[in-house]
Amino acid sequence: MNMSSSTMSPGGMTTKMWQWYHIELNDVILFEGWKVRDSGTMVWSCFVVGFTGFLLEFLKYSSWMTSERMPSDMADVDRRTKYGGIVVPSKYRNKQFWTSHIIQSFYHFWQTLLAFILMNIYMTFNIYICLSLCLGLSIGHFFFGSRIH
């Protein structure tokens, strides 16, 4: 049973859709225009992917730092319900709450989008790309993973 599949590009060249880890240079990363056919393109792609992983860690840290710097009038409120939700009494539903909530939602959107894009990049199963992504995330965690003021 042949487990590999391939696609035919308009130029007549086939590109494999890998289902296992490999080190070959015949890959398409995310878009048809981002093809890795030589070592120079692979090095460039690894730097881009690593930097994007670093950027994801920066976004996570920025979201945390933003939430830490926003004043909270809800420090004395029991925030848990029996279903795990957040209790927001009517006296705390003010402009500050909504501003904070919108900013955190903005961060959440970009973190989720970037994480899914990185997941799709990882699923090329190219060992060099996978390692550069893990390295970029690790370096980002080294710089931004601390949650100490």
Side-chain angles (χ1 to χ4, degrees), residues 1-75 79-80 83-86 88 92-149:
M1 180 164 104
N2 186 0
M3 301 242 344
S4 69
S5 59
S6 62
T7 59
M8 182 71 75
S9 65
M13 297 191 64
T14 60
T15 303
K16 289 185 180 181
M17 294 171 33
W18 300 95
Q19 297 175 359
W20 58 86
Y21 292 99
H22 63 91
I23 58 172
E24 294 185 28
L25 294 178
N26 189 16
D27 276 328
V28 175
I29 302 174
L30 284 183
F31 307 106
E32 185 68 27
W34 190 357
K35 294 180 182 175
V36 177
R37 300 234 188 258
D38 58 9
S39 58
T41 308
M42 177 58 78
V43 170
W44 174 83
S45 297
C46 287
F47 277 113
V48 169
V49 169
F51 178 75
T52 309
F54 182 83
L55 181 64
L56 178 60
E57 290 296 321
F58 172 73
L59 276 173
K60 289 168 33 179
Y61 178 78
S62 297
S63 174
W64 173 78
M65 186 54 75
T66 301
S67 68
E68 287 291 311
R69 290 186 178 176
M70 289 187 175
S72 175
D73 293 334
M74 297 180 58
R79 296 179 185 199
R80 293 178 298 152
Y83 301 109
I86 297 176
V88 182
Y92 293 109
R93 293 182 186 172
N94 56 20
K95 184 179 179 181
Q96 175 185 334
F97 170 77
W98 286 108
T99 302
S100 171
H101 189 65
I102 289 169
I103 290 171
Q104 288 302 316
S105 296
F106 175 79
Y107 275 116
H108 181 75
F109 170 80
W110 287 109
Q111 287 175 35
T112 304
L113 179 67
L114 193 55
F116 281 135
I117 289 170
L118 290 174
M119 177 194 64
N120 284 324
I121 290 173
Y122 190 91
M123 290 183 70
T124 61
F125 294 112
N126 185 297
I127 290 176
Y128 301 124
I129 295 291
C130 294
L131 288 176
S132 66
L133 176 56
C134 292
L135 185 64
L137 288 167
S138 298
I139 292 171
H141 182 75
F142 176 77
F143 283 106
F144 304 115
S146 174
R147 300 294 192 252
I148 301 171
H149 291 283

List in chain and number order the residues that pass side-chain hydrogen bond (donor to acceptor under 3.5 Å, both in side chains) with Ser138, two or more places apart in sequence or in another chain; answer none if no residue qualifies.
-> none
Who passes side-chain hydrogen bond (donor to acceptor under 3.5 Å, both in side chains) against Gln111, sequence neighbours left out?
->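 Gln111 satisfies side-chain hydrogen bond (donor to acceptor under 3.5 Å, both in side chains) with no other residue.
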Report yes if the side chains of Trp64 and Tyr61 come closer than 4.5 Å at any heavy-atom pair, otherwise no.
->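 Of all side-chain heavy-atom pairs linking Tyr61 with Trp64, at least one is under 4.5 Å.
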In a table with atom names and distances, give each donor-acceptor pair under 3.5 Å that connects a side chain of residues 112-123 to protein atoms at least two apart or in another chain.
{"unit_1": "Thr112", "atom_1": "OG1", "unit_2": "His108", "atom_2": "O", "d": "2.8"}
{"unit_1": "Asn120", "atom_1": "ND2", "unit_2": "Phe116", "atom_2": "O", "d": "3.4"}
{"unit_1": "Tyr122", "atom_1": "OH", "unit_2": "Tyr21", "atom_2": "OH", "d": "3.2"}

Would you kindly say whether Thr66 and Gln104 are connected by a side-chain donor-acceptor distance under 3.5 Å?
->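 The answer is no; no qualifying pair exists.
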Does Phe58 have any ring pair (Phe, Tyr, Trp, His ring centres under 6.0 Å) partners at least two apart in sequence or in another chain, and if so, which?
->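 For Phe58 the ring pair (Phe, Tyr, Trp, His ring centres under 6.0 Å) partners, ignoring immediate neighbours, are Phe144.
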So which pairs with a foot in [range] pass salt bridge (Lys or Arg N to Asp or Glu O under 4.0 Å), sequence neighbours left out?
{"range": "residues 47-65", "result": "Glu57-Lys60"}
{"range": "residues 43-53", "result": "none"}
{"range": "residues 103-122", "result": "none"}

Quick one: side chains of residues 41-54, donor-acceptor pairs under 3.5 Å with protein atoms, not counting sequence neighbours, listed by atom name and distance.
{"unit_1": "Thr41", "atom_1": "OG1", "unit_2": "Asp38", "atom_2": "OD1", "d": "2.5"}
{"unit_1": "Ser45", "atom_1": "OG", "unit_2": "Trp34", "atom_2": "NE1", "d": "2.8"}
{"unit_1": "Ser45", "atom_1": "OG", "unit_2": "Thr41", "atom_2": "O", "d": "2.8"}
{"unit_1": "Thr52", "atom_1": "OG1", "unit_2": "Val48", "atom_2": "O", "d": "2.7"}

Just grab all the side-chain hydrogen bond (donor to acceptor under 3.5 Å, both in side chains) pairs involving residues 126-137, residues at least two apart or on different chains.
-> Asp27-Asn126
Rounded to the nearest 0.5 Å, what separation is found between the CD atom of Glu68 and the OG atom of Ser63?
->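 Reported value, rounded in 0.5 Å steps: 10.5 Å.
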